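The block underneath contains the structure these notes are about, expressed in structure tokens.
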Amino acid sequence: MKLPCITGHLKCLLLLLMLCLSVLTINPVLAASGDEQFMNALQQLTAKKFNQKSQAISEIENSRHSQVKPVLNALLTGNLYYRKSDKVVFIVQKQDETFQLIDVLSDQQVAEVGKRTLKKISINNTLRSQLRSIIARVDLSDPNADVRRSAVQDMMKDMSLDAVNLLQEQLVIERSEIVKETIQVAIALYDIKSDDKATKLNAINALGDSVHPEANNLLKYVVSKDADGNYVENDLELRLAAQNAISTVETKLKIYSFAETLFFGVSLGSVLLLSAIGLAITFGVMGVINMAHGELMMLGAYTTYVVQLLMPNSIEYSLMVAVPAAFLVAGFVGILIERGVLQFLYGRPLETLLATFGISLILQQVVRSVFSPLNRSVETPEWMSGAWEINSALALTYNRLYIIIFSLIIFALLILILKKTALGLYIRSVSQNREMAKAMGVRSEWVDALTFGLGSGIAGIAGVALSQLTNVGPNLGQAYIIDSFMVVVFGGVGNLWGTFVAAMSLGVVNKFLEPWSGAVLAKIIVLVFIILFIQKRPKGLFPQKGRAGGN
Amino acid sequence: MAHKSIFMSMLADDRGGKIFLSLLAIVTIVLPLLNLAVAQDSAFHISTFTITLMGKYLCYALLAIALDLVWGYCGILSLGHAAFFALGGYAMGMYLMRQIGDRGVYGNPELPDFMVFLNWESLPWYWYGFDQFWFAMLMAMLIPGVLAYLFGWLAFRSRVTGVYLSIITQALTYALMLAFFRNEMGFGGNNGLTDFKEILGFSLQQDATRVGLFVITALMLAIGYLVSRFIVTSKLGRVVVAVRDAEDRARFIGYKVESFKLWVFVFSAVLAGIAGALYVPQVGIINPGEFSPLNSIELVVWVAVGGRGLLYGAVLGAILVNFSKTYLTAALPEVWLFALGALFIIVTVFLPKGIVGLLQQMKARKVKEQKNESP
Amino acid sequence: MKALDQVREVMRRDRVFNFMAQGQHPVIKGKVDVSKDIILYLESVSVSFDGFKAINDLDLYINDGELRCIIGPNGAGKTTMMDIITGKTRPDEGSVYFGQTMDLTKMSEYEIASAGIGRKFQKPTIFPEHTVFENLELAMEADKRVWITLFARLTPAQNDRIHEVLQTIMLEQHAELKARHLSHGQKQWLEIGMLLMQNPRVLLVDEPIAGMTHQETEKTAELLTGLAGEHSVVVVEHDMEFVRSIAKTVTVLHEGHVLAEGSMDEVQNNPKVIEVYLGE
């Protein structure tokens, strides 16, 4: 699922290439650009006449130097000065009475002088608008879509015909959907103020296609009344069009916000699923109430931390190493627990609950003693940070996206293991009839140990995923253990699909409740719901069937 | 006379109980004397701090008895019993909050400080009446009782048993913890209720008040023990154990099993509520942390260590574990969780009947050996 | 006029309001309506677990005071039938009546038990941590509501009754022994003793002689036949010798259905029964 990311990069590359090409064809001189041309042009800014300055500004732009933007920005905000003595241009930061001179090339502070030694490079309105459009143009040609987008956002605040033209050009070559959308909004924002009714109408309809917040505001303005109770827009047809557009936008916004909540819900559900399936195995298949399950997850998270410490230069790949490592570490600890304690307690589920709770306390304290009680920070690899921005109303963060996919993969693997492998066959046989399985020659104690190891290992993997979402600390496990139990119990013990359905539905319900009840209350409501549900159906959503499951 | 004979017969074959009650009586008389009557610089002086600490242990002991009734006798492993304790504590805390009156930081005669801080205009309706001691005490028993009744009615009627029940009791206390953490609930949120000044007009800072609270706690513990003992030795007690051991059998000889479970559960919750109400004025604070599932499970370990199914076993466990906790968390804070964790494992694997069970076993072996030697 | 009628209707002394009558069962012991001489009706009862029909259109009538034996191969639905009568399992279809009036399908286990149907399980189920005496005390016919139980004290009459039963089940010496220390056969006896203490109208006895010595078996047969008449006894048993020794009427169950009914000889000569038992 690196796909959106890669295609994104590809797009950017393409764009960059095209931009280079276009610039090259327009102005071949540029090829020989460098500090020299830039500095020359800068020098010309010290000229007296505005048309000379305008010329200089154009040349500065053409130099395509990396410092073009800061310099022009400084000029626009009145922070560009030259030293009277040698006419060297500086960016100036005023601090109280003194002026700090910043070298235009290096961005370093070079001197601190009084006001008298400097002269400001003054500009007029023509230059100002020229500067604005140049800055915008520079930004618009930036390879990063975010920069381009924010440039358009900036331009929106004060649209001019020049800006519109610029954006029209950009619209042709722009590849990023979200930037395109922003540009369209920006153009519509200008057009809507036009006197021509047709243009206005077009603009309104264009705004109806966009979910940009500014678009919605503007449409609402069109249908609003002023202080005297008169409509701002006199033309009824336009108002109706705007009204239509508003309802389209709102429907779209509703759909997108629904999609977003659903996404959050599914991602929460995936986390629940990851943390609960290990438990579903140990609880459902073996009848062991593993209160240390959360701590096994915590061990997985700490394994991620240690792996990153060991390979600080390749954080990008650390998770690939951490997943199997966490599985092994947690699985090993799980087998130790099973062999060391639980094997003496089979058939006494409440005792396993207490003993494993003791183990969880010990594991917590071990981690506290070894790593300190404070939270450790686990780094997020580049490819997991950021978000996939589908449009201005819907953005899916990569870490959640990957966790959803990851949990589905783990779930599918687990089903495969249980259905298709010899171990799975043994596990199922022992869980259904231990005595019979023994009689058939299954070494049930090994199956128990491996089953518990498998469940624990999955907890470790869940820990890796959690390390990307929350703080990694000794209490990490406690936060999830009750939720995980709720999922297993709600889904029906011994039924992995039940666990899946329960995790997803609880996650989604939780996220849909949150907007109107708040996060904590949502959680409480879900808990109370499960408590009531268990009273109604003590065996969960999908109870194990048949005589054996009857009592 | 009749009552006396009942109590006598109740304790007739309860050696552990007699020892416990005698010890309790001695402690209740001697400790206050050593605190109030012996000069501060004397080697025999017992500090008020120690008295309060002991009072805390006795509250825990009462709570342990409550859990032992449902777990040891009725086989319901509640992992949410600290919730009832905390609810009782909150009821007392609300009374103590109202007693502060205008001596709070904001000096509002009606509203507790945290409500003033949250810009609340008036007292929420559920705070009404808590300025009356009798009402608050009634609520300290009623609220845990009603919650237990509702919860138990639903759970037992639909035959939620064993591990499932344990897990949903845990969910219950967890949900309550989350709820009480919310400022909007009107119970002081994160900080809970604290800065108490006086109870029934007695300043909580005074030694005499503290000693008084200790004595009352000891009395309540004794009464709680006797009443619980009365219950477990009654026919109802035998039915409850029967339900624990063979629920279906009990049902098929005509007992409405869920009613018995419910009765014991509610009684136990009320007892836990009383323990909580006694606890709060002594420690001076009640906050949502008391609802944390960890507390409930720790409580289970007290009972397990002492020996479940024996009331004085629960008392012994509560005092022993908490004494070690106080000692270890002060002396070797790192070790405490290791010790507690190990305790869980050792008790469940090696000592299913707790210390008292171990003692009984040893005694039984001795008797056997003597028998073998004598003939 | 109409309103007045309604008021009159409401004020009628003998009126039982619907909302009060609903779900109420006349669970007064000894008040079973056996006017038709039949104490237990099972009519077209079916129940299935997960597609498997454990009981299939079963019709069974037990006469008041009769001793009935029920036999059948494994999985014939004998235990499930008892589960249905005692309320442990609810039938998918059909009706189950105790006497003429009590609908057992709408009563819970304890109500059925207090109405006068006692049951002995296949696996001896007693209270292991109670003494033999206490086991009997708990089973004893009494008001079994919670608060009353809390303050209940043994009357001398009840004490005598317990000792009487202790004698009958030959456990008098072990009265103060915890029940878990008893042998398997003794546990069977104790459970029968508990049934006796309940003093039910109908006794459902599931494999009473498993694990018993020959003498104990004989004693059991004697006891059960002695009980018949005053009580109705339904015995499920595999041991044909035993069944022959006690039964007047035998019902053969097969695949959840009554295959044959009659005296032991009739049943044994029934070709369908022979086929089922001996196979093809």
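Numbers restart at 1 for each chain; the letters A, B, ... are given by sequence-line order, proteins then strands. Computed from a predicted model, the values in this text were never measured in an experiment.
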Can a salt bridge be assigned to the pair B:Arg159 and C:Glu109 using a cut-off of 4.0 Å between side-chain N and carboxylate O? yes

From [atom1] ([X]) to [atom2] ([Y]), nearest 0.5 Å:
{"X": "C:Tyr110", "Y": "B:Arg251", "atom1": "OH", "atom2": "CZ", "answer": "11.0 Å"}
{"X": "C:Thr149", "Y": "B:Lys256", "atom1": "OG1", "atom2": "NZ", "answer": "12.5 Å"}
{"X": "B:Arg157", "Y": "C:Ser108", "atom1": "CZ", "atom2": "OG", "answer": "12.0 Å"}
{"X": "B:Leu236", "Y": "C:Ile148", "atom1": "CG", "atom2": "CD1", "answer": "11.5 Å"}

What part of [X] lies closer than 4.5 angstrom to a heavy atom of chain B: side chain, backbone, both or neither?
{"X": "C:Leu154", "result": "neither"}
{"X": "C:Glu134", "result": "side chain"}
{"X": "C:Glu191", "result": "side chain"}

Other residues, nucleotides, ligands: >12 heavy atoms within 6.0 Å of [X] [atom1]:
{"X": "C:Arg90", "atom1": "CZ", "result": "yes"}
{"X": "B:Tyr149", "atom1": "OH", "result": "no"}
{"X": "C:Lys123", "atom1": "NZ", "result": "no"}

Beyond-backbone contact of C:His130 with B:Arg238, side-chain heavy atoms, under 4.5 angstrom: yes

May I ask you to test the C:Leu138-B:Tyr255 pair for a side-chain heavy-atom distance under 4.5 Å? yes

Going through the checks in order, is the ring pair (Phe, Tyr, Trp, His ring centres under 6.0 Å) test met by C:Phe121 and B:Phe252? CA-CA 10 Å; C:Phe121 289 96; B:Phe252 288 123; 5.3 Å; yes

According to the interplanar angle, ranging from 0 to 90°, do the rings of C:Phe151 and B:Phe230 count as parallel (below 30°), tilted (30 to 60°) or perpendicular (above 60°)? tilted

Ignoring hydrogens, what is the shortest heavy-atom contact between C:Leu150 and B:Ser234? Give both atom names and the distance. O-CB, 3.3 Å

What residues, two or more places apart in sequence or in another chain, satisfy ring-ring contact (aromatic ring centres under 6.0 Å, His included) together with B:Phe156? B:Phe265

Let's go through B:Lys353 and C:Glu129 carefully: what are the C-alpha distance in whole Å and the side-chain angles of both, what is the deciding distance for salt bridge (Lys or Arg N to Asp or Glu O under 4.0 Å) to 0.1 Å, and is it a yes or a no? CA-CA 14 Å; B:Lys353 296 204 161 167; C:Glu129 297 298 320; 5.2 Å; no

Picking from B:Val239, B:Ile253, B:Val243, B:Val241, what satisfies side-chain contact (heavy atoms from CB on, under 4.5 Å) with C:Phe127? B:Ile253

I would like to know whether B:Lys235 and C:Glu137 meet salt bridge (Lys or Arg N to Asp or Glu O under 4.0 Å); could you show each step before the answer? CA-CA 9 Å; B:Lys235 188 175 175 190; C:Glu137 182 208 354; 5.1 Å; no

If you apply the rule side-chain contact (heavy atoms from CB on, under 4.5 Å), what do you find for B:Asp248 with C:Thr125, and how did you get there? CA-CA 9 Å; B:Asp248 267 349; C:Thr125 318; 5.8 Å; no

